[in-house]
Amino acid sequence: MDRRALIAGAAALTLSTPACAAYPPGLPPLKSVSTYPLGVAVRHLHLSDPDWARLAVTNFSQLTAEWEMKMEYMLRDDGSLQFDRADALAAFARTYGMKVHGHTLVWYAQDGLHFQKLKGTPDAFLNAYVAYIQKVTGRYGGIVRGWDVVNEPIWNDGRGLRPCLWREVLGDDYIGLAFEAAHQADPAAVLFLNDYNLELTPAKRTTFLKLCERLLKEGAPLHGIGTQAHISADLNPAAMIVAIRDIASLGLQVHISELDISLRGDRLTNVVKPRLDQLKVFEAVIRAYNDVPARQRYGLTVWSLRDKDSWLNSKRERKGPIADAPVLFDDRGRPKAMAERFVEMVR
Ligand code: G3I
């Protein structure tokens with residue numbers, strides 16, 4: 001058991017009722033009214049923040065590691081694995097009866113020196129690829145409900161599969177191979193293909209869904225679709241409704257896997273959009289997901305607990321002096337209009 005997580009958790013338990021000053025009267029914990037698992041992204045450093053722990057444990061039933069369950073963190077250059085922070089996250093979830101969504105096993109954006117060194121030996125590369133997936137997936141059986149087995153496989157304009165090291169060495173079948181390996185390691189896990197801009201770019205969504213259909217036809221153990229929903233306040237709300245309906249039409253589990261609604265519009269113009277637009281877009285997300293058949297609603301995950309925790313306010317992503325406010329709780333952990341609207345709308 002990770003000592004820091006235990007201490008934080010103890011603080012969370014002793015302070016499990018939200019400080020009344022921070023909460024509007026009568027707003028119930030979000031997970032208590034949700035009809036599906038409600039998730040939040042977490043980084044290891046959050047586990048030792050009592051304010052974070054109390055707010056997350058009170059309102060959410062599932063955690064997604066924002067970073068520490070990815071290859072970028074877990075795979076060392078010599079091929080060995082470091083599970084310390086992922087184990088701490090799993091321990092925290094067990095302590096508070098939460099589930100974990102595993103993110104992510106295979107991603108074009110992260111391959112690491114260990115695999116780069118095996119590029120010239122495809123058999124060794126394949127063995128290492130399967131071994132990595134099975135060691136990670138197998139370790140968290142029972143606490144990880146589902147995995148983003150492959151993340152962001154499609155070009156952003158929808159022209160086809162992205163080039164990546166996995167595809168270069170193993171061919172297009174790198175995706176099916178990953179799903180087979182994960183399923184063998186944890187037959188109970190719900191296995192997802194996860195991508196972004198599926199609401200913003202219909203051509204990408206079409207290509208993505210065709211890939212899902214091909215995988216199913218080939219017998220891949222694909223159980224669900226993760227639509228990240230990193231969206232902006234200037235998204236046409238109707239686009240969200242159409243996208244979720246399209247995605248749900250395959251009959252698979254649907255995970256709104258990384259929801260945040262940037263106030264920075266298309267994030268190029270850096271125009272701060274009025275919060276009203278943000279609320280309209282958020283309402284469209286909840287309305288769209290309410291219309292997904294209950295048996296297909298794997299859950300909705302918000303990509304950070306408080307505005308200040310958001311990747312959009314990290315040094316790398318923040319554009320200019322104005323902080324973004326993309327999620328349901330403000331920097332002090334107070335629920336915002338989106339949190340209140342969630343309680344009003346979820347069914
Ligand atoms: O915390 C370490 C710090 O100790 C170390 O000194 C530093 C050295 O670079 O790294 C820090 O870790 C950073 C980590 O975020 C935690 O803050 C990593 O560099 C940085 O790469 C990592 O960025 C994450 C990014 O994915 C890449 O893994 C973001 O937090 C995370 O929000 C972002 O999430 C992605 C999803 O996985 C996929 N969908 C898009 C989404 C947003 O880009």
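Start at 1 and go down the list; that is how both ligands and their atoms are numbered. In what follows, residues are counted from 1 in the order of the sequence shown.
In this model, no donor atom of one side chain and acceptor atom of the other lie less than 3.5 Å apart for Asp186 and Thr137.
In terms of the ring pair (Phe, Tyr, Trp, His ring centres under 6.0 Å) criterion, Phe60 has no residue partners (sequence neighbours excluded). Legend: residues meeting ring pair (Phe, Tyr, Trp, His ring centres under 6.0 Å) with His114, ordered by chain and number and at least two apart, are absent.
Remark: side-chain polar atoms of His183 are not paired, donor with acceptor, to backbone N or O of Glu180 under 3.5 angstrom.
Closer than 4.0 angstrom to ligand 1 by heavy atom are Arg43, Glu66, Trp67, Lys70, Glu72, His103, Trp107, Gln110, Asn151, Glu152, Gln228, His230, Glu258, Trp303, Trp311, Arg316, sorted by chain and number.
Screening residues 233-263 for ring-ring contact (aromatic ring centres under 6.0 Å, His included) gives His101-His255, Phe192-His255, His255-Tyr298 as the qualifying pairs, with residues at least two apart or on separate chains.
Both Leu75 and Met69 are members of a single hydrophobic cluster when ILVMFWY side chains are connected at heavy-atom separations under 4.5 Å.
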